[in-house]
Every structure is written in structure tokens, then in C-alpha cells.
Number of protein chains: 2
Amino acid sequence: MDRAAIATWRAVTAGVLTTDSGALIGAPFSSTARFGIEARPTATTPEELLGAAYASCFTMTLADQLASAGHSPIRIETEARVQVVRRHGFWEIAGIRVHCSALVPGIAEREFLEIAHAVRIGCPIATALRPETTLTVSLSQVTTDDALVPHHPA
Amino acid sequence: MDRAAIATWRAVTAGVLTTDSGALIGAPFSSTARFGIEARPTATTPEELLGAAYASCFTMTLADQLASAGHSPIRIETEARVQVVRRHGFWEIAGIRVHCSALVPGIAEREFLEIAHAVRIGCPIATALRPETTLTVSLSQVTTDDALVPHHPA
């Protein structure tokens with residue numbers, strides 16, 4: 001099974017991207033957005049797309065692993081921030097900072113952290129990547145009762 | 001400098017993605033699209049986004065390297081096809097098949113292939129990835145005169 005994207009170069013510093021699913025259709029990407037020349041980049045970049053690949057993979061795998069461990073996440077939100085640096089004249093990806101915020105009723109923080117760190121290094125996109133990832137977590141652990149029944153203070 | 005994306009999980013098998021630039025805003029991704037359960041996937045997947053990251057990086061870097069070598073590409077189009085396999089119960093990225101079609105006036109095929117293969121392994125996304133890439137090429141080498149002056153057969 002495979003999934004594909006096509007990049008077409010149109011100018012000296014920019015092109016457009018289209019993916020199989022249609023999530024991107026003629027979406028602009030540019031070297032000015034990529035290397036920080038624009039104050040407010042409006043075009044996507046390879047690093048942003050790598051962040052999207054990692055964030056979606058981590059989130060999907062975490063939901064799956066929590067379910068396998070008997071937990072039903074109500075919400076998972078993951079930001080993946082890809083850091084680009086210039087070393088010896090070449091741009092390279094220095095690392096990926098991941099922050100995951102989750103609402104998982106009844107799970108112990110220690111169990112959540114164990115699962116999340118295993119996913120950080122073990123999900124399919126993670127195993128395909130060389131750069132280091134760092135993970136921070138915000139866990140909300142309401143019980144199922146808390147989630148379903150509003151509190152009515154006496 | 002960094003570039004970020006946020007994935008939000010909304011259901012048992014699906015979520016949405018948003019990137020810094022706005023190229024993706026609440027774009028659906030799903031495990032059914034990812035693992036081939038849907039006949040015609042309409043949601044994006046981590047592998048498709050990795051393909052988009054690679055295709056855009058390869059294309060941008062190739063344009064830059066061709067310019068550095070004194071060539072002005074008229075058109076570059078690159079497809080990156082990310083292959084996913086299941087091994088020992090785990091999904092993994094088996095490789096990336098890249099096909100580049102380019103119109104570069106006056107370049108020798110050998111020089112183009114040398115530059116393209118260097119970019120295949122040396123562009124920033126490539127150096128961040130573990131899976132093997134394979135590259136095929138379709139090169140059109142019209143001269144500058146051919147490109148600018150239509151042929152008028154006598």
C-alpha cells in the first residue's frame with residue numbers, strides 16, 4: 001500500500017503541492033516561507049508537513065494504544081514543532097518538539113506517560129525519522145462520572 | 001526557526017489537522033484511510049503528508065542546485081510515493097519511490113542525474129529519514145532556442 005504527493009515547481013522560489021486524498025490541492029510551498037524570509041509565512045513548507053505527518057501519526061497511534069490498554073480518550077491534541085537550523089552552510093532538521101494534551105478518564109499519569117513515550121519513539125513516522133523528539137504532556141484525568149455528571153456543589 | 005502542526009483526535013478512528021501556514025485547516029485524517037480500509041480514501045494520512053514533505057523538499061532543493069550549476073529549470077514535477085507495509089504485526093514505512101520529471105534546457109542527462117541523486121539523499125527531509133528512497137527520472141532537454149522559438153518546418 002502506498003500514499004503519494006506531487007510537487008510542481010513553478011517559479012524560482014515556489015511551487016504547488018497536491019496529494020492523493022485531495023487534502024492539498026495546488027497548495028503553495030516556497031523557500032521564502034521555509035527559510036524565514038517572510039515575516040508571516042502563508043505558504044506551507046516541507047518541515048511543516050513533516051510536523052503534520054508526525055502529529056497525526058502520534059495522535060492516531062496514542063488513541064489506539066490507550067484503547068488497547070482499556071482506556072477511552074475523550075480528547076487528544078498534539079502539536080509537533082519541527083526545528084530547522086543551518087549548520088556548516090546546510091539546513092537540517094535539528095529535532096521535533098512534541099506537546100500532547102489529553103483528556104483520558106481514570107488513567108494514572110504514570111501509565112499515560114509510559115504509553116505516550118512508547119508511541120513517541122515507536123509510531124510508524126517516528127521509526128522512520130532520525131531527529132530526536134522531545135515530549136511534554138498535559139493530562140486531564142476526570143473520572144467517567146465527572147465527565148458525564150456536572151458537579152452541583154451543596 | 002520552527003514550523004508546527006496540530007492534530008486533534010475527535011473520534012475512535014479519525015481526527016483533524018491544522019498547520020501554522022493554514023495550508024491545512026481542520027483537514028481530516030483517519031486510520032481507515034491510512035490502512036487501506038476505504039476503497040477511495042478522502043482523508044489524508046501521515047504517510048501522504050510525509051510524501052508531500054519529501055516531494056516539496058526534493059523539488060525545491062533540486063531547483064536550487066540546478067541554479068547553482070548554471071541551469072534554469074523550466075519545469076520540475078516530483079511524485080513521492082510512500083510505501084507502508086505490515087511486518088510482525090506493526091505498520092512501518094518500507095521506502096519512498098520518487099519520480100521526477102523535469103524540463104531543463106541544455107543540461108546533459110549525466111549532469112542532471114548526478115545532481116538529482118545528490119538531492120535525493122542530501123536534501124533536509126532526506127537526511128532526516130531512515131527509509132530507502134529510489135529515484136526515476138524523465139528529463140526533457142530542449143535548448144533555450146527550442147524553448148523560446150517555435151519550430152517552423154520548411
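Predicted model only: the values in this text are computed from it and were never measured. Here is the naming used below: chain letters follow the sequence lines, and residue numbers restart at 1 for every chain.
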**Report entry** chain A contact via B:A67 - side chain, backbone, both or neither, heavy atoms under 4.5 Å
**Finding:** neither
Query raised in the report: Looking at B:D20, B:V16, B:T13, which makes the most heavy-atom pairs under 4.5 Å with chain A?
Result: B:D20
Requested in this report: Consider only side-chain heavy atoms of I, L, V, M, F, W and Y, link residues closer than 4.5 Å, and tell whether B:I125 and B:V119 are in one cluster.
Outcome: yes
Requested in this report: Against chain B, label A:A94 side chain, backbone, both or neither, depending on which of its atoms sit under 4.5 Å from a heavy atom there.
Outcome: neither
Query raised in the report: So which of B:T127, B:D2, B:T59 has the largest heavy-atom pair count under 4.5 angstrom toward chain A?
Result: B:D2
Report task. Using atom types as modelled and distance alone, determine if a side-chain donor or acceptor of B:S56 lies under 3.5 Å from a backbone N or O of B:A53. Result -> yes
Query raised in the report: chain B heavy atoms under 4.5 Å from A:V85: which part of the residue, side chain, backbone, both or neither?
Result: neither
Report summary line: Turns out that what part of A:A43 lies under 4.5 Å from chain B's heavy atoms comes down to backbone
Report summary line: Ranking A:S101, A:S31, A:G22 by heavy-atom pairs under 4.5 Å to chain B gives rank one to A:S31
Query - Part of B:V84 lying under 4.5 Å from any heavy atom of chain A - result: both
Query raised in the report: With a 4.5 angstrom heavy-atom cut-off, which part of B:A128 approaches chain A: side chain, backbone, both or neither?
Result: both
**Report entry** CZ on A:R120 to OG1 on A:T78, rounded to 0.5 Å
**Finding:** 13.5 Å
**Report entry** Residue, of B:H99, B:Q83, B:R81, that accumulates the most heavy atom pairs under 4.5 Å with chain A
**Finding:** B:R81
Requested in this report: May I ask you to name which of B:I76, B:L24, B:L50, B:L62 has the most heavy-atom pairs under 4.5 Å with chain A?
Outcome: B:I76
Query raised in the report: In terms of heavy-atom pairs under 4.5 Å with chain A, which of B:G51, B:A52, B:A55 leads?
Result: B:A52
Query raised in the report: Taking the six-membered ring for Trp, are B:F29 and B:W9 ring centroids under 6.0 Å apart?
Result: yes
**Report entry** Engaged part of B:L17 at the chain A interface, taking heavy atoms whose separation is under 4.5 Å
**Finding:** side chain
Query - Closest heavy-atom pair and its distance - B:P105, B:I74 - result: CG-CD1, 3.5 Å
Query - chain A contacts, top residue of B:A27, B:A80, B:G122, B:C100 (heavy-atom pairs, under 4.5 Å) - result: B:A80
Report summary line: Ranked by heavy-atom pairs below 4.5 Å to chain B, first place among A:A33, A:C57, A:A4, A:S21 goes to A:S21
Query raised in the report: So does B:R10 have more than 12 non-hydrogen atoms from other groups sitting under 6.0 Å from CZ?
Result: no
Query raised in the report: Between B:R34 and chain A, which part of the residue has a heavy atom less than 4.5 Å away: side chain, backbone, both or neither?
Result: both
**Report entry** Nearest non-hydrogen partners of A:P73 and A:A63, listed with the distance
**Finding:** CG-CA, 4.3 Å
Query raised in the report: Taking the side chain from B:Q141 and the backbone from B:I107, do they hold a donor-acceptor pair closer than 3.5 Å?
Result: yes
Requested in this report: Determine whether A:L135 and A:V82 fall in the same hydrophobic cluster, where Ile, Leu, Val, Met, Phe, Trp and Tyr are linked whenever their side-chain heavy atoms lie under 4.5 Å apart.
Outcome: yes
Query raised in the report: Side chains of B:R97 and B:T134: donor-acceptor distance under 3.5 Å anywhere?
Result: no
